[in-house]
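Computed over heavy atoms, backbone and side chain alike; hydrogens, waters and symmetry mates excluded. All figures in this text were calculated on a predicted structure; none of them were measured in a lab. The chains referred to below are lettered A, B, ... by the order of the sequence lines, with proteins before strands, and numbering in each begins at 1.
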2 protein chains.
Amino acid sequence: MPQKSPISGASRTDVPGPSTAELPAAAPGLRERRRRQTRTEISQAALRLFQEYGVDATTVDGIANAAGISQRTFFRYFTSKEEAALPAHQDFDAALEAGLLTIDPAGDPREELERVYQQVMQGYADNDAPQARSMLLVNQLIRKEPLLRAALLKHNATRTTGLVDALMDRFGRDGISDLQIRLAFETCAAVVRVAFEVWVTRREAGRNDNLPDIYASARQLAH
Amino acid sequence: MPQKSPISGASRTDVPGPSTAELPAAAPGLRERRRRQTRTEISQAALRLFQEYGVDATTVDGIANAAGISQRTFFRYFTSKEEAALPAHQDFDAALEAGLLTIDPAGDPREELERVYQQVMQGYADNDAPQARSMLLVNQLIRKEPLLRAALLKHNATRTTGLVDALMDRFGRDGISDLQIRLAFETCAAVVRVAFEVWVTRREAGRNDNLPDIYASARQLAH
DNA sequence: GCCAATGTGGCAGTATCTGCCATAATGGCA
DNA sequence: TGCCATTATGGCAGATACTGCCACATTGGC
């Protein structure tokens with residue numbers, strides 16, 4: 001049933017926030033903070049409903065309702081209901097992107113990439129820290145929900161293009177081919193994907209392995 | 001709150017679809033031949049419209065219309081309009097699956113996988129043969145159309161699970177871990193993806209490189 | 001030539017997503 | 001403090017994607 005009456009619309013009518021589709025990392029004004037908060041609330045509502053009812057049975061209207069916003073507003077924050085479940089991955093991506101800026105253009109692409117990834121993963125070393133817990137939670141959901149898996153891949157694919165281009169700029173020197181950069185990136189990303197999957201699997205099995213270690217051994221095996 | 005309606009389990013994603021499920025390769029009766037023909041016609045119509053108007057601007061109704069069938073029937077052949085553009089990849093997958101049956105369980109997973117992929121790619125060695133031409137055409141489209149790229153990834157993701165399981169069975173021996181199989185598969189697949197991309201890029205640039213060679217050198221570089 | 005199986009089309013209904021417009025809140029500035 | 005440009009929000013309409021259901025036609029086997 002489309003459109004249900006907006007119950008709690010009024011409860012947060014004072015939510016606006018400053019501007020800008022992009023998130024300025026530097027000076028978060030009031031509006032920006034509001035915006036982030038709303039975004040977070042939507043994600044939490046989405047994750048909760050996905051867990052309880054499954055992704056299929058959860059509608060955008062349901063999420064919007066639970067988050068106290070209208071459906072229209074939901075689509076101003078996320079492009080689809082699946083996207084709303086991936087804030088942890090967006091954080092990861094942000095960290096990755098920041099890490100890529102530290103790359104040494106004179107180094108070996110593969111080694112540099114692996115270093116950056118390893119470093120980013122350190123942020124998830126403590127399985128009990130909020131960052132790791134969120135990431136684990138979402139990934140558990142993803143394991144069970146093909147829709148979310150697909151959404152994640154799509155998300156990654158969208159970003160890959162940009163990242164590869166950025167890398168090409170950075171490594172723009174003779175002797176390093178297009179093919180080589182792409183290859184380095186894709187294979188690194190593959191190892192990372194597997195590491196995440198193994199991490200989640202083992203944690204679900206009760207083991208307390210941490211992500212950086214798993215990644216390190218996966219990397220080892222891959223060579 | 002979300003619908004609790006049980007059904008929808010398959011709603012809008014990767015249910016293999018009525019037809020893709022099983023295509024009896026052995027004895028194609030009249031019905032089966034008709035079915036394949038219809039499927040092909042739909043795909044051709046879809047590809048043509050996608051090329052001419054773009055994926056976004058092409059509707060399922062439009063495709064169905066161009067193929068001379070009803071919308072309802074379209075959805076009995078494909079689960080989405082994007083799927084209709086990927087027959088070449090489905091053929092590739094079929095060849096791959098057949099190849100996987102020839103794997104030697106006593107061998108090295110990585111080497112065996114690479115051998116199979118290399119073999120499958122031989123089917124696309126001649127850039128002027130219909131198989132290669134179709135594949136090139138679709139991949140050119142995919143390069144320009146994020147929607148198609150996403151659809152392909154989703155398609156691959158759906159299949160990956162099954163393939164990895166099959167591989168695990170086949171390599172089910174001590175000393176070979178879950179992690180190792182996954183890793184081998186994902187990294188091989190990554191190299192293949194890159195090879196395809198490079199192939200298309202170079203052909204668009206007027207070069208006549210062939211797929212197996214590109215794959216071979218990519219594989220080389222990856223080690 | 002009959003029958004069971006299967007393909008097809010039409011219809012209704014739900015869900016996703018977007019454009020448009022009116023309104024409300026905000027933050028800066030005089 | 002009060003005004004204004006900016007921007008967030010909500011509601012609505014509408015296009016499109018997709019599914020279940022039912023009736024009808026075609027097919028292939030006997």
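Taking only side-chain nitrogens and oxygens, B:Tyr77 never comes nearer than 4.0 Å to OP1 or OP2 of C:dG7.
The separation between A:Asp61 atom CG and D:dC12 atom C1' is 13 Å, rounded to whole Å. Atom pair A:Asn65:CG and D:dG11:P shows a separation of 11 Å (rounding to whole Å applied). The CZ atom of B:Phe75 sits 17 Å away from the C1' atom of D:dC21 (whole-angstrom rounding). Rounded to whole angstrom, the span from the NZ atom of B:Lys81 across to the C1' atom of C:dT16 amounts to 13 Å. Taking atom CZ on A:Arg33 and atom C1' on C:dG27, their separation rounds to 13 Å, with Å as the unit. In this structure, A:Phe74 places its CZ atom 20 Å from P of D:dC12, rounding to the nearest Å. Per the geometry, CD belonging to A:Glu83 stands 15 Å off P belonging to C:dT16, to the nearest Å. Atom P of nucleotide D:dC18 and atom CG of A:Asp56 are separated by 13 Å, given to the nearest angstrom.
Each of A:Glu204, A:His89, A:Arg203, A:Glu197 was scored for a side-chain hydrogen bond (donor to acceptor under 3.5 Å, both in side chains) with A:Asn139, with one residue passing: A:His89.
Proximity note for A:Thr73 (side chain, C-beta onward) versus D:dG10, D:dC18, C:dT16: the nearest is D:dG10. Nearest nucleotide to the side chain of B:Ile69, out of D:dG10, C:dG9, D:dT9: C:dG9.
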Nucleotides 10-13 of chain C: which of its N/O atoms have a protein N/O under 3.5 Å away?
| from | atom 1 | to | atom 2 | distance (Å) |
| --- | --- | --- | --- | --- |
| C:dG10 | O6 | B:Arg72 | NE | 3.4 |

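Under the 3.5 Å distance criterion, the side-chain polar atoms of B:Arg182 are left unmatched by any main-chain donor or acceptor of B:Val164.
In this structure, a donor-acceptor pair under 3.5 Å is present between the side chains of B:Gln90 and B:Glu83. Residues B:Gln37 and B:Glu41 have side chains that bring a donor and an acceptor to within less than 3.5 angstrom of each other.
Between B:Glu32 and B:Arg36, at least one side-chain N (NZ, or NE/NH1/NH2) sits under 4.0 Å from a carboxylate O, which counts as a salt bridge.
Not counting sequence neighbours, B:Asn65 has no partner by the side chain to side chain donor-acceptor pair (under 3.5 Å) test. Residues meeting the side chain to side chain donor-acceptor pair (under 3.5 Å) test with B:Arg202, sequence neighbours left out: B:Asp209.
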